[in-house]
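As structure tokens, the structure follows; a few thoughts come after it.
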Amino acid sequence: MNVSPELLINSAKAGKLISFPTDTVPALATIPEQAELIYAAKQRSLDKPLILMAAKAEDLWDYVQGSEIEYQIWQKAVHQYWPGALTLVLPASDKIPKVINPRDPTTIGIRVPNNKIAQTILAQTGPMATTSVNLSGQPALENRAEINIHFPEVITLESTEYKGLGTPSTVAKWTGTNWQILRQGSIKLDQD
């Protein structure tokens, strides 16, 4: 269903599944408390975590926990690569609903996309549980028409180009001492 930005934002706040463009691939999103809707729609295994996406880094710091030194290291990566195609997997605070990462609720992936439409939506909804729009194991859908065909229950933006880079974000996990690359995307993380 194609709707105006205002209706999409209100639907998101009401716990509905929405989709919006990002700098990588279109996002499938909902409020964190309704994350199970994403798993059901995608036919996704619960051992595959979702990420928490927000308009700015400051919206995400309450959802992670670490030492002062770790925060400095994480903020260095954030200042260098965000907004952008980098997902950081960090130790989760107790504010994260376990359904976002049922297999390992001690970690959470976080990201700020480099896309003005996504940032505008996320600034009004707050952090959203997200993943790519596709059936689990299939390639990410790249435009609104494909999303409407395969996910008719998902609310999309009318008159909006959905195509991003087409490459998912780089995923880097904090190991306690350095970054471990879980998925290489377009960003090459500087680990110095």
Side-chain angles (χ1 to χ4, degrees), residues 1-42 44 46 48-64 78 81-90 92-102 104-105 107-136 140-142 144 147-148 150-151 153-158 160-162 164-165 168-171 183 185:
M1 175 176 24
N2 300 327
V3 300
S4 67
E6 181 182 3
L7 188 52
L8 181 117
I9 289 163
N10 289 338
S11 297
K13 289 178 181 178
K16 304 271 195 268
L17 275 178
I18 66 165
S19 179
F20 53 83
T22 74
D23 48 339
T24 56
V25 295
L28 180 62
T30 190
I31 56 174
E33 298 76 19
Q34 292 292 335
E36 66 275 354
L37 294 174
I38 293 175
Y39 287 99
K42 285 182 60 115
R44 184 179 177 104
L46 289 175
K48 293 183 176 181
L50 304 176
I51 69 166
L52 204 59
M53 196 178 282
K56 58 189 189 304
E58 294 77 19
D59 295 340
L60 294 166
W61 292 128
D62 282 349
Y63 297 96
V64 300
V78 162
Y81 299 107
W82 279 3
L86 176 65
T87 298
L88 299 178
V89 178
L90 304 175
S93 74
D94 58 4
K95 294 188 179 195
I96 294 289
K98 296 204 182 330
V99 70
I100 291 189
N101 190 354
D104 182 10
T107 64
I108 182 67
I110 59 173
R111 183 163 102 81
V112 174
N114 189 14
N115 179 288
K116 294 299 178 201
I117 294 169
Q119 288 177 3
T120 299
I121 291 166
L122 293 164
Q124 295 179 63
T125 61
M128 300 281 285
T130 66
T131 186
S132 58
V133 186
N134 59 301
L135 287 176
S136 193
L141 301 177
E142 294 187 2
R144 190 178 64 243
I147 294 166
N148 288 337
H150 295 284
F151 293 91
E153 75 281 12
V154 172
I155 298 165
T156 58
L157 284 169
E158 62 190 5
T160 300
E161 177 61 49
Y162 265 61
L165 294 174
S169 65
T170 296
V171 179
R183 179 179 69 202

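Sequential numbering from 1 along the given sequence is applied to the chain's residues. The structure presented is a predicted model; accordingly, all values stated were derived computationally and were not measured.
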What's the spacing between [X] [atom1] and [Y] [atom2] if we round to 0.5 Å?
X	Y	atom1	atom2	result
Lys13	Leu8	NZ	CG	11.0 Å
Thr30	Leu37	OG1	CG	5.5 Å
Leu157	Glu6	CG	CD	12.0 Å
Leu122	Asn115	CG	CG	9.5 Å
Phe151	Lys42	CZ	NZ	6.5 Å
Ile9	Ile121	CD1	CD1	5.5 Å

Contact between [X] and [Y] at the side-chain level, heavy atoms closer than 4.5 Å - yes or no?
X	Y	answer
Pro32	Ile100	yes
Ser19	Arg144	no
Met53	Leu60	no
Tyr63	Leu90	no
Asp23	Pro83	no
Leu28	Val154	yes
His150	Leu141	yes
Tyr81	Val112	no

With side chain to side chain contact (heavy atoms under 4.5 Å, CB included) as the test, would you mind laying out the steps for Leu17 and Ile38 before giving the verdict? CA-CA 7 Å; Leu17 275 178; Ile38 293 175; 3.6 Å; yes

Please check: side-chain N/O of Gln119 versus main-chain N/O of Pro113, any donor-acceptor pairing under 3.5 Å? yes

Is it the case that the side chain of Asp59 and the backbone of Pro127 share a donor-acceptor pair, with hydrogens and angles ignored and the cut-off at 3.5 Å? no

Side chain to side chain contact (heavy atoms under 4.5 Å, CB included), that's the test. Do Thr120 and Phe20 meet it? Break it down for me. CA-CA 11 Å; Thr120 299; Phe20 53 83; over 6 Å; no

Any idea which heavy atoms bring [X] and [Y] closest together, and the distance?
X	Y	answer
Ile110	Trp82	O-CZ2, 3.4 Å
Leu135	Ala41	CD2-O, 3.7 Å
Val25	Pro168	CG1-N, 4.5 Å
Val99	Tyr39	O-CE1, 3.2 Å

Going through the checks in order, is the side chain to side chain donor-acceptor pair (under 3.5 Å) test met by Ser169 and Arg183? CA-CA 8 Å; Ser169 65; Arg183 179 179 69 202; 3.3 Å; yes

Could you tell me whether the side chains of [X] and [Y] share a donor-acceptor contact shorter than 3.5 Å?
X	Y	value
Asn2	Thr156	yes
Arg44	Thr131	yes
Arg111	Thr24	yes
Ser93	Asp62	no

I'd like to know whether Ile96 forms a side chain to side chain contact (heavy atoms under 4.5 Å, CB included) with Leu52, so could you lay out the CA-CA distance, the side-chain angles of the two residues, the decisive distance to 0.1 Å, and finally the verdict. CA-CA 9 Å; Ile96 294 289; Leu52 204 59; 3.7 Å; yes

Let's go through Ile108 and Val64 carefully: what are the C-alpha distance in whole Å and the side-chain angles of both, what is the deciding distance for side chain to side chain contact (heavy atoms under 4.5 Å, CB included) to 0.1 Å, and is it a yes or a no? CA-CA 7 Å; Ile108 182 67; Val64 300; 3.7 Å; yes

